[in-house]
Engineer: 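Sharing a structure below in structure tokens format, with a few things to ask.
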Amino acid sequence: MPEATPVHTRALGTSAAEIAEGGRLLAAGCLVAFPTETVYGLGADATNPAAIASLYAAKGRPSFNPLIAHVAHVEDAFALGDFPPSARKLAEAFWPGALTLVVPVSENSPVCELARAGLASIAIRVPDHPVATALIKAAGSPIAAPSANRSGHVSPSTAAHVHADLDGIIEAVLDGGPTRIGVESTILGCLDDTVVMLRPGGIAREAIETILGTPLAEGKGDEAAPLAPGRLTSHYAPRQVLRLDAQGIQPGEACLAFGLPLPAGATPALTLNLSERGDVAEAAANLYQHLRALDAMDAQGIAVADFPRRGLGEAIHDRLMRAAAPR
Ligand code: TXA
Ligand code: MG
């Protein structure tokens with residue numbers, strides 16, 4: 001969809017009729033944003049190269065960055081890729097859920113090459129959200145869905161975030177309220193029976209290692225040849241400069257706090273707390289919303305208080321490092 005011809009972006013709810021309409025739009029090759037349990041996704045028919053081309057254009061995303069194919073049921077996932085035994089075990093343990101598995105693409109996979117960026121592997125996820133499931137079923141094909149933000153922006157955890165980034169560019173947004181988890185799915189590489197962490201996310205490392213019975217291997221990707229090609233260091237970028245592990249807050253600086261008491265020098269008017277009670281899952285759910293709100297304040301930079309890296313804290317740390325990276 002050329003950006004030169006603005007479209008009217010429809011704000012849809014999640015009634016059966018509105019989900020059916022979303023499914024019709026997707027089947028016709030249009031772009032429809034929808035809620036998942038992690039963040040809002042920008043959906044396109046993964047089997048339709050023209051729809052995928054317009055998806056890359058709408059996001060301003062390089063087309064060498066492959067997309068996750070979303071399906072409604074675990075059995076549908078097994079048709080898209082060849083799952084090594086450990087991947088099958090993880091699929092059965094965590095799907096539907098906030099886990100993406102990268103496996104060798106199956107010979108008869110209907111997902112088009114452009115959606116896979118020409119790779120011999122494919123990223124697959126079965127989301128755990130009734131609206132996402134119903135929409136994918138209504139569309140009748142796997143749905144490619146990156147986070148529904150312009151490339152490089154903070155990921156959307158509400159429909160309003162999607163409208164702010166993509167109004168006039170996509171056909172519709174289904175509003176299912178704020179997303180439950182708030183950070184993107186954990187991505188694991190399962191090209192053979194070794195499981196590699198490609199992106200920390202909504203399913204904690206500890207839970208995955210419990211199922212596998214072994215520690216996860218670390219991805220050795222770098223900027224030139226990233227294992228998850230979209231994981232460029234500067235990402236999730238707010239306008240303001242971010243300062244991590246802040247022990248004290250400077251005058252005029254905004255503060256992203258975790259737990260109580262607040263860091264020394266924090267001003268209540270310029271402070272948002274990820275979780276007053278110090279809960280990392282609650283912090284993940286608030287992360288992008290709070291980053292956007294602090295970024296909109298008239299402050300001199302954003303200082304981020306220290307927080308634990310366990311559980312979803314690993315994904316929060318990963319996203320904040322990227323948000324703080326020089327660009
Ligand atoms: O929670 C999520 O995962 C959300 C919701 C909408 O499902 N989606 C999401 O998609 O975060 P996206 O496109 O923003 O991030 C997908 C990441 C990218 O970094 C991409 O490079 C990587 O997955 N990826 C996709 N296919 C891959 C492959 N075959 N091998 C390695 N990485 C892959
Ligand atoms: Mg993204």
Side-chain angles (χ1 to χ4, degrees), residues 31-44 46 52 55-56 58-71 80-82 87 94-105 109 111 113-129 131-133 135-136 142-157 161-162 165-166 174 176 179-191 196-203 219 221 223 225-237 284 287-288 312 315 318-319 322-323:
L31 305 181
V32 177
F34 61 96
T36 79
E37 78 278 37
T38 58
V39 297
Y40 275 72
L42 177 57
I52 298 302
L55 174 55
Y56 283 122
K59 273 197 61 109
R61 174 167 176 148
S63 52
F64 54 77
N65 187 0
L67 302 165
I68 300 171
H70 295 67
V71 292
L80 302 185
D82 295 330
F94 293 110
W95 279 346
L99 180 70
T100 295
L101 297 174
V102 175
V103 297
V105 66
S109 182
V111 173
E113 277 212 53
L114 189 56
R116 295 186 281 108
L119 297 178
S121 59
I122 180 168
I124 308 172
R125 182 161 107 79
V126 184
D128 183 17
H129 193 294
V131 174
T133 308
L135 180 70
I136 296 164
I143 297 301
S147 49
N149 51 283
R150 294 275 297 168
S151 194
H153 287 193
V154 174
S155 293
S157 51
H161 296 163
V162 181
D165 257 24
L166 296 171
L174 266 61
T179 59
R180 176 166 56 85
I181 294 178
V183 290
E184 299 87 339
S185 61
T186 301
I187 306 183
L188 299 176
C190 306
L191 295 182
V196 182
M197 173 67 98
L198 299 180
R199 175 177 80 181
I203 301 277
E223 285 282 273
L227 280 168
R231 316 231 48 230
L232 304 177
T233 306
S234 168
H235 210 89
Y236 309 97
L287 177 66
Y288 293 136
L312 297 201
D318 173 85
R319 303 307 187 272
R322 283 161 207 284

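As the structure lists them, so they are numbered: ligands from 1, and atoms in each ligand from 1. Quantities reported herein were computed from a predicted structural model and do not represent experimental measurements.
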Engineer: Out of A132, G202, S121, P146, whose heavy atom sits nearest atom 29 (N) of ligand 1?
Structural biologist: S121

Engineer: In the structure I gave you, are the side-chain heavy atoms of V196 and L188 within less than 4.5 Å of one another anywhere?
Structural biologist: no

Engineer: Applying salt bridge (Lys or Arg N to Asp or Glu O under 4.0 Å), name anything that partners R116, two or more places apart in sequence or on another chain.
Structural biologist: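 Residues passing salt bridge (Lys or Arg N to Asp or Glu O under 4.0 Å) with R116: none at all.
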
Engineer: Answer whether the closest heavy-atom distance between the side chains of V131 and L174 falls below 4.5 Å.
Structural biologist: yes

Engineer: Within the 4.0 Å heavy-atom shell around G41, which atoms of ligand 1 are there?
Structural biologist: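 Going through ligand 1 atom by atom, the ones under 4.0 Å from G41 are 6 (C).
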
Engineer: Which of the atoms of ligand 1 are close to I187, meaning less than 4.0 Å from one of its heavy atoms?
Structural biologist: 17 (C), 23 (O)

Engineer: Would you say E184 and R125 make side-chain contact, with heavy atoms under 4.5 Å?
Structural biologist: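 Not touching, per the 4.5 Å side-chain cut-off.
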
Engineer: Are any of the N/O atoms in T38 less than 3.5 Å from those in ligand 1?
Structural biologist: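 Yes - when backbone and side-chain N and O of T38 are compared with those of ligand 1, one distance drops under 3.5 Å.
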
Engineer: May I ask you to check whether T100 and S185 show a side-chain donor-acceptor distance below 3.5 Å?
Structural biologist: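 T100 vs S185: donor-acceptor pair found between side chains.
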
Engineer: With a cut-off of 4.0 Å, which atoms of ligand 1 are near a heavy atom of I68?
Structural biologist: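 Those of ligand 1 that fall under 4.0 Å from I68 are 3 (O), 8 (N), 9 (C), 10 (O), 16 (C).
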
Engineer: Report yes or no: does a heavy atom of P127 sit under 4.0 Å from some atom of ligand 1?
Structural biologist: no

Engineer: For ligand 1, which atoms have a heavy atom of S147 less than 4.0 angstrom away?
Structural biologist: 8 (N), 9 (C), 10 (O), 12 (P), 14 (O)

Engineer: Give the numbers and elements of all ligand 1 atoms closer than 4.0 Å to a heavy atom of A123.
Structural biologist: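 Here the atoms of ligand 1 in question are 25 (C), 26 (N), 27 (C).
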
Engineer: What I'd like to find out is whether the side chain of P96 reaches to under 4.5 Å of the side chain of P127, using heavy atoms alone.
Structural biologist: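 No, too far: nothing below the 4.5 Å cut-off.
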
Engineer: Compute the shortest N/O to N/O distance between T36 and ligand 1 and return yes if it is under 3.5 Å, no if not.
Structural biologist: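 In this structure, T36 places no N or O atom under 3.5 Å from an N or O of ligand 1.
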
Engineer: Does the pair K59/D165 count as a salt bridge with the N-to-O cut at 4.0 Å?
Structural biologist: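 Looking at K59 and D165, the cut-off is not met.
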
Engineer: Applying a 4.0 Å heavy-atom criterion (strictly less than), which segment of R61 is in contact with ligand 1: side chain, backbone, both, or neither?
Structural biologist: side chain

Engineer: Would you say the side-chain atoms of T179 pair up with the backbone N or O of I181, donor to acceptor, closer than 3.5 Å?
Structural biologist: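 No: the side chain of T179 does not pair with the backbone of I181.
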
Engineer: CG of L119 to OG of S121: how many Å apart, nearest 0.5 Å?
Structural biologist: 4.5 Å

Engineer: Would you name the heavy atoms of T186 and I203 that are closest together and state the gap between them?
Structural biologist: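 Heavy atoms only, the tightest pair is OG1-O, 2.7 Å.
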
Engineer: Can you find an N or O of S185 that's nearer than 3.5 Å to an N or O of ligand 1?
Structural biologist: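 So ligand 1 has an N or O lying under 3.5 Å from an N or O of S185.
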
Engineer: Of all the atoms in S147, is at least one N, O or S atom closer to the Mg ion (ligand 2) than 2.8 Å?
Structural biologist: yes

Engineer: Judging by distance only, is a nitrogen or oxygen of E184 under 3.5 angstrom from one on ligand 1?
Structural biologist: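 N/O-N/O distance below 3.5 Å does not exist for this pair.
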
Engineer: At less than 4.0 angstrom from any non-hydrogen atom of A145, what atoms of ligand 1 do you find?
Structural biologist: 6 (C), 8 (N), 10 (O)

Engineer: Determine the minimum heavy-atom distance between C190 and A87, stating which atoms define it.
Structural biologist: CB-CB, 3.7 Å

Engineer: Give the atom numbers and elements of ligand 1 that come within less than 4.0 Å of a heavy atom of L119.
Structural biologist: 28 (C), 29 (N)

Engineer: Any idea which atoms of ligand 1 are less than 4.0 Å away from a heavy-atom of N65?
Structural biologist: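 Reading through ligand 1 atom by atom, the close ones are 18 (C), 20 (C), 21 (O).
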
Engineer: Backbone, side chain, both or neither: what part of R116 comes under 4.0 angstrom of ligand 1, heavy atoms only?
Structural biologist: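 Neither part.
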
